[in-house]
2 protein chains.
Amino acid sequence: MRYRDENKMQAIRDCAIEMVAKNGLENFGINRLAKAAGVSPATIYIYYKDKEDLLTSISIEEGVKMTRATLKGFDPNASFREGLWVQWKNRAAFSLDNLLAAEFFEQLRNSTYKDKMREAISLEFRKSMGSFIENAVKRGEINEMPLEVYWSVAFAPLYALIRFHNEGQSLDGRKFKFSESIMKQTFDCVLKGLSK
Amino acid sequence: MRYRDENKMQAIRDCAIEMVAKNGLENFGINRLAKAAGVSPATIYIYYKDKEDLLTSISIEEGVKMTRATLKGFDPNASFREGLWVQWKNRAAFSLDNLLAAEFFEQLRNSTYKDKMREAISLEFRKSMGSFIENAVKRGEINEMPLEVYWSVAFAPLYALIRFHNEGQSLDGRKFKFSESIMKQTFDCVLKGLSK
DNA sequence: AATATAAGTGAGCAATTGCTCATTTAAAAA
DNA sequence: TTTTTAAATGAGCAATTGCTCACTTATATT
């Protein structure tokens with residue numbers, strides 16, 4: 001029996017991520033992908049049922065990677081300040097070090113595939129955040145609030161900053177660069193807002 | 001001479017917005033649009049140069065509408081608390097009352113058309129926010145900070161909440177509904193984070 | 001009523017789409 | 001070495017894509 005060529009699989013994955021990230025989901029196609037990956041269109045259908053299966057499979061894989069990166073060194077029993085800061089550093093590092101993967105993820109999150117994406121994200125969230133917030137509330141570090149409110153205040157600003165950074169220019173047309181000090185400054189605002 | 005049928009133009013616009021919002025940018029096509037709007041494909045090319053021109057033109061139009069809605073009753077000389085609250089109420093109201101338009105906008109913001117979209121957004125921002133923040137800093141209500149940090153802390157959480165609401169379910173799989181009290185609670189967090 | 005002008009059309013083109021199939025190729029098992 | 005199995009392929013299909021053109025239709029002006 002002939003074995004699958006893992007390099008081929010990886011080439012398909014990598015090219016798919018790069019194409020979606022760079023040219024947008026609306027310009028992504030199987031024939032295009034096959035050509036870019038140096039593979040026959042038919043080969044892709046050995047690995048994936050169809051276009052949708054390819055995109056959702058890859059995005060779930062990437063979601064898991066993202067999760068792991070986000071949880072690196074994270075201790076759910078740490079103080080609220082420290083735990084949240086670790087999360088910020090991890091999320092920022094992943095987004096900035098894996099520009100293509102992050103942009104791919106973002107593209108899928110804003111598409112008709114988003115429903116199938118949510119499980120990957122929700123899994124991530126439960127894993128990383130489950131007990132952490134409870135602990136912080138019990139310790140009296142933060143007020144009790146719905147999960148959605150917490151996420152919106154705690155992380156949405158970070159992702160907005162990263163977005164400004166990736167777009168290269170800001171709302172008013174000037175240049176904008178993400179930096180450790182900008183992150184720290186924003187983090188302080190967010191922390192103050194959440195703290196009791 | 002024969003005059004343009006404004007109903008036809010409006011039907012094309014409305015259908016385009018609805019189709020992109022409901023089926024995603026990746027499933028939007030001119031032939032499809034023509035059929036949905038009850039119009040010949042060729043007619044669309046009387047109004048718009050090509051597919052890209054159609055999408056960018058409509059999104060700029062919608063951007064202007066959004067701006068106007070956001071600025072309703074907004075006074076750049078109001079106190080920081082009041083001014084920001086008016087902005088929140090206006091933005092939330094627009095997003096919730098114009099679900100299709102808001103989703104259309106979001107789709108374009110996350111596509112390869114985003115560069116051409118930015119001018120519409122940046123224009124909006126300058127109009128609405130220019131002097132407001134300056135005033136608040138001068139009055140000592142908030143600290144001085146880069147525009148991007150301000151926007152990220154002040155508005156990203158609101159849009160994240162609206163997104164949770166529209167997705168119908170939240171991170172952990174349970175239902176989530178946006179409400180006045182949720183908004184108020186989140187607003188208080190954000191305000192506290194930004195205040196001196 | 002005749003003319004001029006631009007709106008509006010349907011058929012359809014070249015190119016591309018997602019996907020398949022008959023065939024070839026590589027390598028484990030005999 | 002031969003057989004068996006599945007990976008891998010390129011040509012290409014039916015359907016769809018963005019878009020055009022020769023043509024018809026409606027209306028303001030003459």
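Each chain gets a letter, A, B and so on, in the order its sequence line appears, and its residues count up from 1.
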Return the value, rounded to whole Å, for the distance between atom NZ of A:K35 and atom P of C:dG18.
-> 13 Å

With sequence neighbours excluded, tell me which residues meet ring-ring contact (aromatic ring centres under 6.0 Å, His included) with A:F132.
-> A:F74, A:F80

Assign A:Y48 to base, sugar-phosphate, or nothing according to its heavy-atom contacts below 4.0 angstrom with the strands shown.
-> nothing

Establish, with yes or no, whether the OP1 or OP2 oxygen of C:dG8 is under 4.0 angstrom from a side-chain nitrogen or oxygen of B:S40.
-> no

Between the side chains of A:T112 and B:E26, does any donor sit under 3.5 Å from an acceptor?
-> yes

Would you say the side-chain atoms of A:Q10 and A:E6 include a donor-acceptor pair closer than 3.5 Å?
-> no

How far does OG1 of A:T56 sit from NZ of A:K51, to the nearest 0.5 angstrom?
-> 12.0 Å

Position toward the 5' end of DNA chain D (nearest nucleotide), A:R4 or B:F28 | A:R4

Quick note, B:K51 side chain, CB onward, closest among D:dG18, C:dT17, D:dA8 is D:dG18

Taking the side chain as every heavy atom from C-beta outward, state whether B:E167 and B:F176 have any atom pair closer than 4.5 Å.
-> no

Should the ring pair A:W151 and A:Y159 be called parallel, tilted or perpendicular, given that the plane angle runs from 0 to 90° and is split at 30 and 60?
-> parallel

Between atom OH in B:Y45 and atom C1' in C:dA11, what is the gap in whole Å?
-> 15 Å

Please check if B:L99 and B:M66 belong to a single hydrophobic cluster, counting links between Ile, Leu, Val, Met, Phe, Trp and Tyr side chain heavy atoms closer than 4.5 Å.
-> no

Distance, nearest 0.5 Å, that separates CG of A:L108 from CD1 of A:I17 | 9.5 Å

Side chain of B:V39: nearest nucleotide among D:dA8, C:dT9, C:dG8?
-> C:dT9

With no hydrogens and no angle check, is any side-chain donor or acceptor of A:Q185 less than 3.5 Å from a backbone partner on B:M145?
-> no

So, is A:K8 close to the D:dT9 phosphate, meaning a side-chain N or O under 4.0 Å from OP1 or OP2?
-> yes

Residue A:T43, side-chain heavy atoms: nucleotide from D:dA8, C:dC19, C:dT9 that is nearest | D:dA8

The nucleotide from D:dG10, D:dT20, D:dA8 with an atom nearest the side chain of A:I46 is D:dA8

Distance only, no hydrogens: is a donor on one side chain within 3.5 Å (strictly under) of an acceptor on the other, for A:N110 and B:R163?
-> yes

Using a cut-off of less than 4.0 Å, is there contact between a side-chain N or O of A:R32 and OP1 or OP2 of C:dT17?
-> yes

When you look for runs of 3 or more Watson-Crick or G-U pairs in a row, both distances below 3.5 Å, which of them include DNA chain D?
-> C:1-28 with D:3-30

What is the distance, rounded to the nearest whole Å, between atom CG of B:L25 and atom C1' of D:dT17?
-> 14 Å

Nucleotides 24-30 of chain C: protein proximity per nucleotide (B base, S sugar-phosphate only, - neither; heavy atom, under 4.0 Å) = -BBBB--

Rounding to a whole Å, what distance do you find between A:N31:CG and D:dA14:C1'?
-> 13 Å

Under 4.0 Å between any heavy atoms, over every strand shown, what does A:Y47 touch: base, sugar-phosphate, or nothing? Just pick one.
-> sugar-phosphate

OP1, OP2 of C:dT20 versus side-chain N and O of A:K49: anything below 4.0 Å?
-> no

